[in-house]
Amino acid sequence: MLPPFFVAKLMPTTCVVGILWGDEGKGKVIDFLAADADYVVRFGGGHNAGHTLILSSGKCVLHLVPSGIVHRHVVNVIGNGVVVDPIHLVNEIQRLRDRGLTVDPGRNLLVSERAHVILEAHRIQDQWAEQARGKGRIGTTGRGIGPAYADRCSRIGLRMGDLLRKDLLKAGLLRLCAEKNAMFTAIGLKALDANLLFDLLTTAGEQLRPAICDAGGVLRAAHQAGKRVLLEGAQGCLLDVEHGTYPYVTSSHASTGGAFSGTGLPPHAMRVIGIAKAYATRVGEGPFPSELTNDIGDRLRIAGNEFGSTTGRPRRCGWFDAVAVRYSGELSGARELTVTNLDVLRGFDPLQVVTGYRLADGTMATTFPAFDLESVQPVFQTLPGFHEDLREIRKFDQLPLAARRYIEFLEQQTRMAVTTISVGPERDQVILR
Ligand code: IMP
């Protein structure tokens with residue numbers, strides 16, 4: 001049985017997660033929900049993310065700053081689970097101010113003192129490792145995400161709070177440089193200069209000082225006071241380091257589990273909204289069962305403008321994969337699905353949806369495979385397409401019959417209620433059910 005439909009309204013804590021491999025259009029959905037939120041919180045990833053908002057002044061891409069920044073009343077929090085390049089953050093704040101947005105560290109932007117720091121060295125290490133992997137490369141964004149999380153686990157990482165404590169920062173840098181330089185010099189990378197890093201980090205730290213705080217404590221107090229907290233997932237469930245298509249994943253917990261560890265909020269009742277496109281996309285390497293490597297895939301890429309907002313890379317495109325979406329829905333606890341880019345499917349007739357995976361031994365997969373996903377044979381259901389322009393439609397029953405049937409089929413297959421449908425990039429191009 002499908003859960004009942006809700007009108008998109010915030011519960012005290014709502015978490016928005018990408019259901020596949022990122023780029024599902026989360027920025028627009030969060031921007032829309034943030035109008036009703038007191039806090040908007042990033043809980044994982046770093047500036048590998050690119051959340052695109054369409055403002056009256058044009059397109060705006062956010063990488064680290066949460067998408068609530070366009071609403072003046074919202075406090076935006078970069079949680080402890082995020083890896084922060086402080087120099088990038090200072091530049092991003094400036095870029096947003098140049099666009100006329102108010103970014104006031106300490107008032108509408110907070111950064112967890114526990115969030116780990118990405119250094120230039122992590123970027124170099126990330127790019128070096130990708131090159132060294134050759135054909136087996138992951139296709140990372142090259143922003144140093146993996147090495148920064150690795151240093152966190154190795155317990156040599158620096159935290160944002162260190163930037164405000166000169167003695168701690170110096171000692172931390174000496175420790176980090178000693179450990180890293182042994183490896184860096186052995187593989188031909190430039191050794192880190194602790195003094196230079198110290199200067200760069202203390203300068204950035206001073207600029208961010210008003211924002212750096214015990215963000216987890218702030219959020220727990222807000223939660224107890226009944227404030228409305230919106231958790232903004234980055235990437236997608238299938239890029240989760242543990243539950244995703246390992247090793248072709250990012251290095252953080254991109255599914256709902258990361259929302260607790262990455263913010264310090266306790267796991268009380270939370271409404272989880274999954275976001276999926278009406279078709280599927282992926283950037284970087286890794287298995288993608290519903291991928292279209294033919295002209296239909298090329299048409300989808302053009303129709304949906306499927307080029308990465310962080311790296312500009314062309315996204316791989318494919319049909320909606322109900323097996324993968326159902327898995328991510330179960331994993332993330334999302335009972336509601338927002339389907340984005342339905343308008344893009346105009347003129348694709350017939351439509352196809354993956355409803356099962358046939359394994360190499362001829363049997364059907366009963367769970368989402370942890371191994372050999374590249375060798376599954378997708379089983380498709382074919383549905384009629386539609387040819388009408390959906391961008392001005394605001395009511396579900398005004399959609400063409402084929403579009404309604406398509407959405408209802410996705411609900412049946414994913415066992416999630418499609419409560420919101422996006423039919424264009426603008427804020428108001430939305431159908432609520
Ligand atoms: P990393 O996060 O830069 O280490 O990249 C690991 C994988 O995650 C690569 O396949 C990237 O393309 C992918 N990835 C990371 N961030 C995003 C995102 O925001 N959207 C889509 N894919 C992403």
Side-chain angles (χ1 to χ4, degrees), residues 16-30 42-53 61-67 78 81-85 88 92 116 118-133 135-153 232-255 258 262 275-277 279-288 291 301 304-318 324 328 340-341 373-374:
V16 173
V17 288
I19 283 290
L20 294 183
W21 293 282
D23 307 317
E24 294 90 354
K26 294 181 289 293
K28 173 180 165 175
V29 176
I30 291 158
R42 274 281 303 272
F43 60 81
H47 62 312
N48 49 349
H51 291 174
T52 306
L53 306 179
V61 182
L62 300 166
H63 295 287
L64 263 178
V65 172
S67 305
I78 298 178
V82 177
V83 280
V84 181
D85 177 337
H88 174 95
E92 184 167 331
H116 273 249
I118 300 190
L119 303 169
E120 168 76 358
H122 291 132
R123 193 176 61 74
I124 294 170
Q125 204 182 326
D126 187 3
Q127 293 176 1
W128 179 88
E130 277 288 89
Q131 214 177 3
R133 285 181 196 120
K135 272 190 156 174
R137 71 183 182 277
I138 293 162
T140 72
T141 58
R143 300 240 163 155
I145 306 297
Y149 279 115
D151 281 358
R152 183 174 83 170
C153 289
E232 173 177 11
Q235 290 82 45
C237 293
L238 293 188
L239 286 176
D240 185 289
V241 66
E242 293 193 72
H243 298 288
T245 48
Y246 192 88
Y248 299 100
V249 291
T250 189
S251 302
S252 62
H253 301 279
S255 185
I275 317 286
K277 276 183 194 146
Y279 48 94
T281 63
R282 167 161 214 177
V283 265
E285 308 302 318
F288 182 1
E291 182 169 14
R301 187 173 309 108
N305 191 25
E306 296 295 353
F307 297 89
S309 45
T310 298
T311 57
R313 288 179 290 177
R315 296 179 184 142
R316 299 155 66 193
C317 296
S328 293
T340 58
N341 292 19
L373 189 58
E374 40 292 305

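Both ligands and their constituent atoms are indexed starting at 1 by order of listing.
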Heavy-atom closest contact ([X] atom, [Y] atom, distance):
| X | Y | result |
| --- | --- | --- |
| Gly233 | His51 | O-CE1, 3.5 Å |
| Val82 | Gly46 | CG1-CA, 4.2 Å |
| Tyr248 | Arg282 | O-NH2, 2.7 Å |

Minimum non-hydrogen distance to [atom], winning option of [options]:
| atom | options | answer |
| --- | --- | --- |
| atom 9 (C) of ligand 1 | Gly139, Gly284, Gly233, Gly146 | Gly139 |
| atom 8 (O) of ligand 1 | Asn48, Thr245, Leu239 | Leu239 |
| atom 16 (N) of ligand 1 | Glu130, Gln235, Arg143, His63 | Gln235 |
| atom 2 (O) of ligand 1 | Val249, Ile138, Val83, Thr250 | Thr250 |

* **Pairing residues for Tyr279 by the ring pair (Phe, Tyr, Trp, His ring centres under 6.0 Å) criterion, not counting sequence neighbours** => none

* **Side-chain touch Gln127/Glu130, heavy atoms, less than 4.5 angstrom** => no

Considering only the protein, which heavy-atom contact is closest to [atom], and what is its distance?
| atom | result |
| --- | --- |
| atom 3 (O) of ligand 1 | Thr141 OG1, 2.6 Å |
| atom 5 (O) of ligand 1 | Thr140 CA, 3.3 Å |
| atom 20 (N) of ligand 1 | Asp23 OD1, 3.2 Å |
| atom 19 (O) of ligand 1 | Ala49 CA, 3.3 Å |

Between side-chain atoms of residues 135-151 and protein atoms elsewhere (two or more places apart, or another chain), which donor-acceptor pairs fall under 3.5 Å?
residue, atom, partner, partner atom, Å
Thr140, OG1, Asp126, OD1, 3.0
Thr140, OG1, Gly142, N, 3.1
Arg143, NH1, His47, O, 3.1
Tyr149, OH, Gly45, N, 3.0
Tyr149, OH, Gly81, O, 2.7
Asp151, OD1, Lys180, NZ, 3.2
Asp151, OD2, His122, NE2, 2.8
Asp151, OD2, Lys180, NZ, 3.0

* Would Lys277 and Glu306 satisfy salt bridge (charged side-chain N to carboxylate O under 4.0 Å, His left out), going step by step from the backbone distance to the final call? -> CA-CA 11 Å; Lys277 276 183 194 146; Glu306 296 295 353; 2.9 Å; yes

* **Sub-4.0 Å atoms of ligand 1 with respect to non-hydrogen atoms of Trp21** => 21 (C), 22 (N)

* Structure fact -> A student checking ligand 1 against Val283 at a 4.0 Å heavy-atom cut-off should list atoms 10 (O), 12 (O), 21 (C), 22 (N)

* Does ligand 1 have any atom that is closer than 4.0 Å to a heavy atom of Arg313? -> yes

* Do Ser67 and Glu232 have a side chain donor and acceptor closer than 3.5 Å? -> yes

